[in-house]
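Here's the structure we're looking at; comments come further down.
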Amino acid sequence: MSETTITAPAPAAAAAAAPAVREIGIIMNGVSGRMGYRQHLVRSILAIREQGGIELPDGSKITVKPLLVGRSEAKLAELAAKHGIEDYTTDLDAALADPRWEIYADFLVTKARATALRKAIAAGKTIYTEKPTAESLEEALELAKLAAEAGVKTGVVHDKLYLPGLQKLKRLIDSGFFGRILSVRGEFGYWVFEGDWQPAQRPSWNYRAEDGGGIIVDMFPHWNYVLENLFGKVDSVYAQAAVHIADRWDEKGEHYTATAEDAAYGVFELEGGVVAQINSSWTVRVNRDELVEFHVDGTHGSAVVGLFGAKIQPRNATPKPVWNPDLEDSHDYDADWQQVPTNDVFINGFRQQWEEFLVSYVEDTDYEFDLLAGARGVQLAEAGLRSSREGRKIELDALSLD
Ligand SMILES: NC(=O)c1ccc[n+]([C@@H]2O[C@H](COP(=O)([O-])OP(=O)(O)OC[C@H]3O[C@@H](n4cnc5c(N)ncnc54)[C@H](O)[C@@H]3O)[C@@H](O)[C@H]2O)c1
């Protein structure tokens, strides 16, 4: 090829041909914590950055630029250096005042969340936050209303819905496999060490009510969105909370008295008549295939799903047990179940939800997992705690922004 045949495109034409790229600045507050670091920074935002962003149907791209925010400059500097991130600060107010950062994302301890969210909403930022969105229903609803009044888009983590096992369950429900769904039995939990002879594998604030801890506040917001998105809105709850282990040792090896429940036994009545019963416990030794499992019974079939796996038993393959305490039962009940194949590629659930939220933000579409959905989760937690205190079933009123 001779030199004369090469025609370099004019700069303007070159620019027009390149796909449009929109870089979104994200304030990541509490990024050095367990969830902030592993799930939101490494598994979501950095994973999106490493794959070169998210491609939209029109060929344009969304890329992400994180601003690490926390209280310890040394920790932030270490994270930034480790992952090649340019921006970090301990000054949240300055970050919120800076228009380069469009989204405020919150992974703080639950107790610190409402104050930070209020500031971010007032600054006009788009909000993406861990659950629970607040410590009380009143505060959670107030935040949802403030965001609606300010016209800011909001998103709340609904990660369990994205678990491969629950996505398989959704597909079973949508296919009509169950017939009429009768009941759901959930088992969640594992043994969390007390912290004396082995360090505890969860933060000590989880076991102190005064610090926003407790398994009801932690897990009932998850159960609320799982139940309402798969089986029906929660109409009522009866819960029994228990502090099974009062003596625990914190991160420094110091003894403290647990003031928040480490187990909760809940019964939930759902719109449409399904009854769900979910045990949540940090004081149970695992004897199941996965750390969370849901057993769903329907008129036409049943399923047991976990984080990854799902197995089914249709009515045509249901055995006919006969109760006889005098005879040892040699039937292999496990063998009556059939594995659901993994026909999809599942990415990390936190990342999948981040991607959906970012696309919804850029395309300005409605996003259903918002602060009002988050407030329903807090409502269920509050009702669960009240139910346990008062020893009775609590009905849940429909929430609205009016
Ligand atoms: N979606 C899920 O599956 C899931 C799982 C676990 C926890 N969570 C939620 O994520 C949030 C964080 O939990 P975690 O387990 O990562 O906790 P963590 O203790 O590991 O991290 C908490 C973060 O908050 C910061 N922080 C603590 N006190 C603060 C204060 N007073 N002011 C400002 N910052 C403060 C810490 O420096 C840290 O960065 C909680 O709200 C929890 O309910 C969600």
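Whatever order the structure lists them in is the order used to number ligands and atoms, beginning at 1.
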Exercise for the section: Say whether R202 and ligand 1 are in contact under the criterion: heavy-atom distance to a ligand atom below 4.0 Å. Expected result: no
Problem - Interfacing atoms of ligand 1 (cut-off 4.0 Å, heavy-atom, T110) - result: 40 (C), 41 (O), 43 (O)
Problem - Any Q39 heavy atom less than 4.0 Å from ligand 1 - result: no
Fill in the blank from the handout: At under 4.0 Å between heavy atoms, what of E130 touches ligand 1? The answer is side chain
Problem - Nearest candidate to atom 18 (P) of ligand 1, where distance is taken over non-hydrogen atoms, out of K75, R34, M28 - result: R34
Handout entry: Part of K111 with heavy atoms under 4.0 Å of ligand 1, whether side chain, backbone, both or neither
Key = neither
Problem - Centroid-centroid distance, H83 to Y37, less than 6.0 Å - result: yes
Exercise for the section: Could you tell me if the ring centre of F369 sits under 6.0 Å from that of H158? Expected result: yes
Exercise for the section: Measure from NZ or CZ of R43 to the centre of the six-membered ring of F350 and say whether it is under 6.0 Å with the direction within 45° of the ring axis. Expected result: no
Problem - Given K153, R22, K125, the one that forms salt bridge (Lys or Arg N to Asp or Glu O under 4.0 Å) with E102 - result: R22
Exercise for the section: Any atoms of ligand 1 less than 4.0 Å from a non-hydrogen atom of G30? List them with their elements. Expected result: 39 (O)
Practice task
Check W205 against ligand 1 and report side chain, backbone, both or neither, counting heavy atoms closer than 4.0 Å.
Solution key: side chain
Handout entry: Interfacing atoms of ligand 1 (cut-off 4.0 Å, heavy-atom, D218)
Key = 43 (O)
Practice task
Test salt bridge (charged side-chain N to carboxylate O under 4.0 Å, His left out) on K131 and D218 and set out the steps.
Solution key: CA-CA 8 Å; K131 47 49 65 183; D218 191 22; 2.7 Å; yes
Practice task
Kindly compute the distance separating CG (L146) from CG (L371), expressed to the nearest 0.5 Å.
Solution key: 9.5 Å
Problem - Centroid-centroid under 6.0 Å between F193 and W249 rings - result: no
Exercise for the section: Could you see which bit of D159 sits under 4.0 Å from ligand 1, with heavy atoms only: side chain, backbone, both or neither? Expected result: side chain
Handout entry: Part of N206 within contact of ligand 1 (heavy atoms, under 4.0 Å)
Key = neither
Handout entry: Contact check, S32 vs ligand 1, heavy-atom distance below 4.0 Å
Key = yes
Problem - Residue-ligand contact P132/ligand 1, heavy atom below 4.0 Å - result: yes
Practice task
May I ask you to check if R185 and F294 form a cation-pi contact, with NZ or CZ under 6.0 angstrom from the six-membered ring centre and within 45° of the axis?
Solution key: no
Practice task
Check whether the ring centres of Y104 and Y128 lie less than 6.0 Å apart, and answer yes or no.
Solution key: no
Practice task
Would you mind running through ligand 1 and noting each atom that sits below 4.0 Å from a heavy atom of H222?
Solution key: 1 (N), 2 (C), 3 (O)
Practice task
Answer with side chain, backbone, both or neither: which part of K131 has a heavy atom less than 4.0 angstrom from an atom of ligand 1?
Solution key: both
Exercise for the section: May I ask you to check whether M35 has an N/O atom sitting below 3.5 Å from an N/O atom of ligand 1? Expected result: yes
Exercise for the section: Please say whether V157 places an N or O atom under 3.5 Å from an N or O atom belonging to ligand 1. Expected result: no
Practice task
Please confirm whether H222 and F220 have ring centers closer than 6.0 angstrom.
Solution key: no
